[in-house]
Amino acid sequence: MGGAIADKLIEQEHEVVGLARSSEAADALRRKGVKAHRGEVGDLSQWVDRAGEADAVVFAWLAPDSDAFRDMDIAAVRAVLARLTGSGKAFVYVTGSLGTGDTGPDVEVDVDTPDNPPAFLRWRSDLEAEIRRSSHSGVRSVVVRAPMVYGRTDGFVARSLLAEVKTSGRTHYVGAGDNLLAFVHVEDLATLCARALQAAPAGALYLAANGESLSFRDFAMRASSALGAGGAVASLSLQTALAVMGPFAEALTYSQRLSSAAAEQGLGWRPTMHGVDAELRSLGAVMRS
């Protein structure tokens, strides 16, 4: 996500500085036209002052160690907000859509729906509310929630699907697999984040969803076919999935039907990129190459 957002901002002729964990990451940023600033998210002394000097901050990252993510995320967000207090500068926090919770299969929800996150992510819903409240302290704070992000034949979804087919010859879903998944292409997400950075009102919340809904089972079957596994799929019981994936497995039983009306009406955002099937075909080409 961060790479796509940086590309979009550079395309719009912004000067972009990116935090790089390693010399390899720094080189990759420079090749994109991004100025690299070396540092670890968890070591606030390495980068928070530099972030405070920027005209705006976009926060989109994932810790290599998921066990450390919660504490590092909270500490980093609070440190940046403290630097930006009273400045009127934008702070865009890009996160997942699980704070919205299980919407069920029949009702499409937007940002006015009360949060109902899974227990293991209640902290992040609380943090998002804290970010939005910082608008009262002179920060133009914005939260963008994204469901399953695909595109560029990369990212968590792509890597997971490719690994499943390579190791087991099939893809998997959890339980009955009749829960609905929501999606957004990473390029569309980047466009929304850029618009939010430039024009969103303080305290705004947006859902980035392209309107496409597939059951988890249907998605697994399409992925299996596109990746050369002949449509072979298997169900994982929730108990097995919890043992393998941890508490995140619970979220894989949720239905999410998400409306992007707030982003469409407030920022003029419209998803324009191809759907999941085209991405799966691209993944299949990658796998065969």
Are [Y] and [X] co-members of a hydrophobic cluster defined by side-chain heavy atoms under 4.5 Å apart?
X: Val92; Y: Val16; result: yes
X: Leu207; Y: Leu98; result: yes
X: Ile5; Y: Val143; result: no

Give me the atom names and distance for the closest heavy-atom approach of [X] to [Y].
X: Pro105; Y: Leu180; answer: O-CD1, 3.6 Å
X: Ala249; Y: Leu242; answer: CB-N, 3.7 Å
X: Val139; Y: Ala202; answer: O-CB, 4.0 Å
X: Val17; Y: Val34; answer: C-CG1, 3.9 Å

Any side-chain heavy-atom pair of [X] and [Y] under 4.5 Å:
X: Asp7; Y: Lys32; result: yes
X: Leu280; Y: Tyr150; result: no
X: Leu181; Y: Tyr173; result: no
X: Val184; Y: Pro271; result: no
X: Ser23; Y: Arg38; result: yes
X: Arg145; Y: Leu258; result: no
X: Phe219; Y: Phe183; result: yes
X: Tyr93; Y: Asp73; result: yes

If you count the non-hydrogen atoms of other residues, nucleotides and ligands that lie under 6.0 Å from [atom1] in [X], is the total more than 12?
X: Met221; atom1: CE; result: no
X: Glu53; atom1: CD; result: yes
X: Gln46; atom1: CD; result: yes

Subject >> side chain to side chain contact (heavy atoms under 4.5 Å, CB included) partner of Leu19, chosen from Phe59, Trp47, Trp61 >> reply: Trp47
Original post:
Does the side chain to side chain contact (heavy atoms under 4.5 Å, CB included) test come out yes or no for Arg170 and Glu164, once each step is laid out?
Top reply: CA-CA 6 Å; Arg170 66 187 66 195; Glu164 282 187 356; over 6 Å; no
Subject >> CA sep, side-chain torsions, deciding dist, call: Leu81, Ile131, side chain to side chain contact (heavy atoms under 4.5 Å, CB included) >> reply: CA-CA 8 Å; Leu81 291 177; Ile131 291 167; 4.2 Å; yes
Subject >> Intermediate values then yes/no, salt bridge (Lys or Arg N to Asp or Glu O under 4.0 Å), Glu187 and Arg152 >> reply: CA-CA 9 Å; Glu187 307 290 351; Arg152 298 190 173 193; 2.7 Å; yes
**OP:** State, without any angle test, whether Gln198 and His14 hold a side-chain donor-acceptor pair at a distance under 3.5 Å.
**Re:** yes
Subject >> Short side-chain donor-acceptor distance under 3.5 Å, Thr100 and Ser97 >> reply: no
Original post:
Val276 and Met148: side chain to side chain contact (heavy atoms under 4.5 Å, CB included), yes or no, with the steps?
Top reply: CA-CA 10 Å; Val276 171; Met148 294 187 70; over 6 Å; no
Original post:
Is any NZ, NE, NH1 or NH2 atom of the basic residue among Asp277 and Arg222 found under 4.0 Å from an Asp or Glu carboxylate oxygen of the other?
Top reply: yes
**OP:** Indicate yes or no for a side-chain donor-acceptor contact from Ser224 to the backbone of Ala232 under 3.5 Å, with no hydrogens or angles considered.
**Re:** yes
**OP:** Give the C-alpha distance, both sets of side-chain angles, the deciding distance and a yes or no for side chain to side chain contact (heavy atoms under 4.5 Å, CB included) between Thr253 and Phe216.
**Re:** CA-CA 8 Å; Thr253 66; Phe216 196 174; over 6 Å; no
